[in-house]
Each structure stands twice: as structure tokens, then as C-alpha cells.
Amino acid sequence: MHWLERTKVGLQAGSLAGAGVALFYLAADVVQLTPLETVAGLAQAFLGVSIDTSAEGMAAAAFATTAASVGLYTLLHFAAFAALGLVATWLVPVASFWATLGRGAVFGG
């Protein structure tokens, strides 16, 4: 496989995996009737942003800060998964189904 094609496949695979993780947590939050609560909490913890949404006068500022934090965290999330997919395509070459499955299990575990 040519290096450009392998890079493209790795980025696509990583982005697809990142979308799967994001959709899983979105679905879990929707079931609990708190959409985007998990990603907002992760963004606040990862970026070190402290948001007090209890003050009424700060509602617009708190929303803007939360939206910016969630957006930045989402970009970082997909970049990390794209990089993981890229690394996986170089570390898990396609030999046979079982060999690839075994290498993938070692890489993922």
C-alpha cells in the first residue's frame, strides 16, 4: 500500500473511531437527559476551565465559555483519534485476517 493511501486510510479509520466514541457518549447523555454533559465535563477537566453557571448575569458568558471549551475539546478528541488511526495503519500491516486481528488486539489493549 502506498504511503499516501495508507495515511488517508489511517486518518479515516481514526476519525471513524473518534466519531463512534463521541456518539456513544452523546447517546448516553441523551438517555440521562443531560446532552453534552460528559464532553463538557471532560473539556473543563482537560482544559482546566472552571465555569460557574449558577450566576444569572453570567449565563451568556458561561454558555460561550462552555461552547468554546467543548469545541476545542472536540477538535483535540478527533485529532487524537486520527493520530491513533494513523499510527495503527503503520503498526498493524495487513498480512492475514487473524494476524491483523491479533496485532490489533495487542495494539488496542
Side-chain angles (χ1 to χ4, degrees):
M1 183 183 295
H2 192 262
W3 70 270
L4 185 61
E5 184 179 342
R6 184 175 292 218
T7 301
K8 180 181 170 184
V9 167
L11 293 175
Q12 288 173 346
S15 298
L16 183 62
V21 170
L23 287 174
F24 172 77
Y25 283 111
L26 178 63
D29 286 346
V30 168
V31 167
Q32 295 176 4
L33 300 177
T34 57
L36 299 178
E37 183 71 24
T38 301
V39 71
L42 288 170
Q44 290 174 10
F46 185 73
L47 301 173
V49 177
S50 177
I51 299 173
D52 181 21
T53 57
S54 62
E56 291 182 25
M58 296 298 290
F63 176 76
T65 304
T66 302
S69 298
V70 167
L72 180 60
Y73 182 79
T74 301
L75 288 175
L76 292 173
H77 169 85
F78 278 104
F81 270 94
L84 184 64
L86 188 59
V87 168
T89 58
W90 290 99
L91 293 181
V92 184
V94 177
S96 71
F97 175 76
W98 296 109
T100 303
L101 185 64
R103 288 186 192 118
V106 170
F107 182 73

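The chain is numbered in sequence order, starting from 1. These figures come from a predicted structure and were not determined experimentally.
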Answer yes if W3 and L86 sit in the same cluster of Ile, Leu, Val, Met, Phe, Trp and Tyr residues linked by side chain heavy atoms under 4.5 Å apart, and no otherwise. yes
Can you see which heavy atom on P35 is nearest to which on V30, and at what distance? CB-CG2, 4.3 Å
Across all chains, not counting sequence neighbours, the side-chain contact (heavy atoms from CB on, under 4.5 Å) partners of F46 are Y73, L76
Just distance, no hydrogens or angles: give the donor-acceptor pairs under 3.5 Å from side chains in residues 8-21, sequence neighbours left out.
| residue | atom | partner | partner atom | Å |
| --- | --- | --- | --- | --- |
| S15 | OG | L11 | O | 2.8 |

With sequence neighbours excluded, give me every side chain to side chain donor-acceptor pair (under 3.5 Å) pair touching residues 21-37. D29-T38
Sequence neighbours left out, what passes ring-ring contact (aromatic ring centres under 6.0 Å, His included) with F78? Give chain and number order. none
